[in-house]
Amino acid sequence: MKVFWYCNSMFPPLARHLGRPVSGLCGWQYAYAESLLSACPDLHLALGVVYNGHGERKIEIDGIVYYLIPCRDAWKYSAGMTARWREALDDFKPDIIHLHGTEFPVGLALLEAAGSIPAVASIQGLVTVCARYYNYGMTVTDLLHAVAFRDFLRPGRTLLPAAAANMAWRGKCEVSTVRKLKHIIGRTSWDRAHVLSWNPEINYHFCNESLREIFYTAEKWSYCSCNKHTIFVGSSSYPLKGAHQIIKAMALVVRKYPDARLRVVGSDPLHPGSFKNYLKLPGYAIYLRRLINRLHLAEHVTFLGQLPAEAMVSEFQHCNCCVLPSAIENSPNTLGEAQLLGTPVIASYSGGIPDMIADGIDGYLYRFEEVEMLAQKIDGVFSAGASMHDVSTAEIAAAEKRHDRAANARRLLEIYNELGSENRTRL
């Protein structure tokens, strides 16, 4: 069987081959592809990816065929994009097309080029719904304080209200894509409810996702070796991820734990290094800087920049707990990675997260708005000390089952066979 994937980012081997930075966004997808090929050596896989370059290119690396499609703006649809996809499909002649993500017009163009080839898409985050919560937990005054220098240069793209509106605009493409499909792959009750509301006739296939290799093999979290009263947060890129909520909760935590530390992935608004770098900060980072200074937390918060997988593992291993304070999520990889390592996790009760955590057994849940409850959950983990071993063990067991690479690869092959039967093709 020949399967054609579409992904929003380049796989690491392709990025290295082209001399481009390796994105951490698709590491799990590459690991997924490897486990799939390992489970079925007779499967032939191609990856279609758009890039800011000139001319179509075809490259084969380690058994995967890559089709590079030139595209200046993945947010814009063009008829020429459909024609380029059709050329790639005519060359590879796939039996199945699999879209990883539904929110970009280039994916919709691929579906239009597919013709009668069976196609399926994997749900990622559902930007249609995420747009509702983009600035959740921020007041009008907060939004006014979240204006950066660069927002005056591109107000229609970077101002927080405009960014939310752009996400909602992408959501229209997402809904169109789902309505055009006959098959969809999801993994939570949340994503299932939403896609069925858009397309009640769609065939929903359940399949869990696999994660990056290092999180399966790295040493597990241990209370004895963790940095006590240290909290790790995996993203502060935009308001939906809820960094402002954990900072508010931190003001309560330090009353009881004056040595508490918060370590956050993302650009550092507290120490930009130069005035030029300060001018490059996004508006949300400016707001976080104001919030931290107003709450007198500068000595308690450290921003880590963007971290590769190895550094993420180290943060998980050495924190006292990991917090996911998002306003909405589907099944965040950060949560799965933390659970695989046994790091005590506290997450907001939102989206698909309740499908991943049994409160008090393999993690802890709280309402996004209730920063007081978040502070109490953190206090509970800190005060539990070594007795968190039971929760840690339960997390590992749940995550190993959910993210079992061999089982997930087998399930995906089953889905491909179901779709392939439409063209009388079986593995």
Side-chain angles (χ1 to χ4, degrees), residues 1-11 14-15 18 20 23 25-26 29 33 43-60 64-128 131 157 166-186 195 198-199 201-203 205 415-416 419-420 422-423 425:
M1 177 177 281
K2 301 174 76 173
V3 180
F4 190 98
W5 279 17
Y6 161 69
C7 295
N8 295 330
S9 301
M10 292 184 181
F11 282 180
L14 177 61
L18 298 175
R20 300 192 172 208
S23 170
L25 298 177
C26 69
Q29 291 173 333
L43 185 141
H44 300 280
L45 181 64
L47 175 70
V49 59
V50 297
Y51 80 118
N52 187 17
H54 300 284
E56 293 82 1
R57 300 178 64 181
K58 177 182 177 181
I59 302 170
E60 183 170 351
I64 299 177
V65 179
Y66 296 94
Y67 290 89
L68 280 75
I69 309 297
C71 178
R72 291 185 178 180
D73 192 344
W75 289 29
K76 294 182 179 180
Y77 174 83
S78 69
M81 180 61 64
T82 300
R84 294 187 182 99
W85 280 128
R86 189 172 291 117
E87 291 177 5
L89 296 178
D90 288 344
D91 182 75
F92 187 67
K93 296 179 175 56
D95 301 298
I96 303 290
I97 294 173
H98 185 171
L99 281 70
H100 289 271
T102 55
E103 70 271 27
F104 286 102
V106 291
L108 185 58
L110 175 57
L111 284 183
E112 293 178 349
S116 61
I117 304 172
V120 66
S122 291
I123 294 298
Q124 300 300 322
L126 295 181
V127 295
T128 307
R157 181 68 69 90
N166 285 329
M167 183 173 279
W169 179 85
R170 285 165 53 199
K172 294 180 180 180
C173 173
E174 179 175 64
V175 173
S176 297
T177 300
V178 171
R179 287 176 176 168
K180 190 175 182 66
L181 287 163
K182 294 181 180 179
H183 301 272
I184 202 85
I185 297 174
V195 298
W198 301 334
N199 184 353
E201 304 301 320
I202 203 165
N203 296 297
H205 304 270
I415 295 170
Y416 287 166
L419 271 67
E422 297 180 9
N423 281 3
T425 303

Between [atom1] on residue [X] and [atom2] on residue [Y], distance to nearest 0.5 Å:
{"X": "E87", "Y": "D91", "atom1": "CD", "atom2": "CG", "result": "9.5 Å"}
{"X": "L111", "Y": "K180", "atom1": "CG", "atom2": "NZ", "result": "6.5 Å"}
{"X": "L108", "Y": "T82", "atom1": "CG", "atom2": "OG1", "result": "7.5 Å"}
{"X": "L99", "Y": "Q124", "atom1": "CG", "atom2": "CD", "result": "10.5 Å"}
{"X": "K93", "Y": "I117", "atom1": "NZ", "atom2": "CD1", "result": "10.0 Å"}
{"X": "L68", "Y": "M10", "atom1": "CG", "atom2": "CE", "result": "5.0 Å"}

For side chain to side chain contact (heavy atoms under 4.5 Å, CB included), just list the numbers for E112 and W85, CA-CA rounded to whole Å, side-chain angles, deciding distance to a tenth of an Å, and then say yes or no.
CA-CA 9 Å; E112 293 178 349; W85 280 128; over 6 Å; no
Would you call [X] and [Y] a side-chain contact if the rule is heavy atoms closer than 4.5 Å?
{"X": "L14", "Y": "Y51", "value": "no"}
{"X": "H100", "Y": "N8", "value": "no"}
{"X": "I415", "Y": "H183", "value": "no"}
{"X": "N199", "Y": "I184", "value": "no"}
{"X": "F104", "Y": "V127", "value": "no"}
{"X": "P118", "Y": "I96", "value": "yes"}
{"X": "V50", "Y": "M81", "value": "yes"}

Do the ring planes of Y67 and F4 sit parallel (below 30°), tilted (30 to 60°) or perpendicular (above 60°)?
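Taking F4 first and then Y67, their aromatic rings sit tilted (interplane angle of 30° to 60°).
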Considering the options I69, I97, T177, which one meets the side chain to side chain contact (heavy atoms under 4.5 Å, CB included) requirement together with L110?
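Answer after filtering I69, I97, T177: I97.
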Kindly give the heavy-atom pair with the smallest separation between [X] and [Y], and that separation in Å.
{"X": "E174", "Y": "L126", "value": "OE2-CA, 3.1 Å"}
{"X": "F92", "Y": "L45", "value": "CZ-C, 4.0 Å"}
{"X": "L181", "Y": "A121", "value": "CD1-CB, 3.4 Å"}
{"X": "L47", "Y": "C7", "value": "CD1-SG, 3.5 Å"}

May I ask you to check whether Y416 and H98 place their ring centres under 6.0 Å from each other?
yes
Run the side chain to side chain contact (heavy atoms under 4.5 Å, CB included) check on Y6 and V106 step by step: do they pass?
CA-CA 9 Å; Y6 161 69; V106 291; 2.8 Å; yes
Side chain to side chain contact (heavy atoms under 4.5 Å, CB included), that's the test. Do L18 and R57 meet it? Break it down for me.
CA-CA 11 Å; L18 298 175; R57 300 178 64 181; 3.6 Å; yes
